[in-house]
Amino acid sequence: MRTVEKQNKKSRLNESLKNSGMKLTRQRKLVYDTLLEKLDHPTAEDLFFRARKKQPEISMATVYNCLEALVKCGLVKQVKVGKNAVRYCANLCEHAHFVCEVCGAIFDLDRDNREKFKNMQIKIPRGFKIHNFEIAIHGTCSDCNILRI
């Protein structure tokens, strides 16, 4: 990641936390940076093991607390798919997810698909207003399809 991008992400992190009445801490920065390194919708446990490689003294409770703060300030979304563990997503654009039913991986569908989903004809009851949407499409990813052949 380029230096300018890193500075922008740190500035956005600091500003979002501040606007939510929270401070930027070393642990929050670590968890956020760790989440941004690999956009694979990790669980809190996945993030804990990744963050611990950089800061061995970090606890699971600290990771959960940091994720709660990042969700509260709007920098991270929780992804809840079925009965599986909650996953975390730093992609703040409206988008849908593709969930592989074989390996459990979750993939963001690209921006072109986002526009198609926004234009779907869904009958909404009178007086209701959509603020955002969450769509999860289940199937088999390309890697798992190759293994099945």
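Computed over heavy atoms, backbone and side chain alike; hydrogens, waters and symmetry mates excluded.
Going from atom SG of C89 over to atom CG of D108 covers 4.5 Å, rounded to the nearest 0.5 Å. In this structure, CZ on F107 lies 6.5 Å from OG on S142, to the nearest 0.5 angstrom. T140 contributes atom OG1, which lies 12.0 Å from atom CD1 of I146 (distance to the nearest 0.5 angstrom). For the atom pair L67 CG and L75 CG, the distance stands at 11.5 Å (nearest 0.5 Å). For the atom pair CG (L47) and CG (L35), the distance works out to 5.5 Å, reported to the nearest 0.5 Å.
For C141 against F98, the heavy-atom pair with the smallest separation is N-CE2, 3.9 Å. What you find for V99 and A136 is that their closest heavy atoms are CG2-CB, 4.3 Å. Scanning all heavy atoms of the two residues, the minimum distance from A90 to L36 falls at CB-CD2, 3.6 Å. Listed here is the closest heavy atom pair of L24 and K29: CD1-CB, 4.0 Å.
Using a 4.5 Å cut-off on side-chain heavy atoms (C-beta onward), L109 and H95 make no contact. Contact annotation: the side chain of L39 never approaches that of N91 to less than 4.5 Å [non-hydrogen atoms, C-beta and beyond].
Residues passing the side-chain contact (heavy atoms from CB on, under 4.5 Å) test with K54, sequence neighbours excluded: L30, T34, E37. Residues passing the side chain to side chain donor-acceptor pair (under 3.5 Å) test with S16: none are found, sequence neighbours excluded. Not counting sequence neighbours, the partners of I130 by the side-chain contact (heavy atoms from CB on, under 4.5 Å) test are I124. Every residue two or more places apart in sequence or in another chain that forms a side-chain contact (heavy atoms from CB on, under 4.5 Å) with A85 is listed here: T43. Partners of R50 by salt bridge (charged side-chain N to carboxylate O under 4.0 Å, His left out), not counting sequence neighbours, listed by chain and number: D40. S20 meets the side chain to side chain donor-acceptor pair (under 3.5 Å) test with no other residue; sequence neighbours excluded. In this structure, the side-chain contact (heavy atoms from CB on, under 4.5 Å) partners of V71, at least two apart in sequence or on a different chain, are V76, Q78, Y88.
In this structure, R87 contributes its side chain and A105 its backbone to no donor-acceptor pair below 3.5 Å.
Legend: salt bridge (charged side-chain N to carboxylate O under 4.0 Å, His left out) pairs involving residues 55-79, not counting sequence neighbours, sorted by first then second residue: R26-E57. Here ring-ring contact (aromatic ring centres under 6.0 Å, His included) pairs that include residues 38-64, with residues two or more places apart or in two chains, are H41-H97.
No more than 12 heavy atoms of other residues, nucleotides or ligands lie within 6.0 Å of CD in E45, so this atom counts as exposed by the packing criterion.
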Checklist entry - What's the verdict on side-chain contact (heavy atoms from CB on, under 4.5 Å) for V102 and N145, showing C-alpha distance, side-chain angles and the deciding distance? => result CA-CA 9 Å; V102 177; N145 272 332; over 6 Å; no
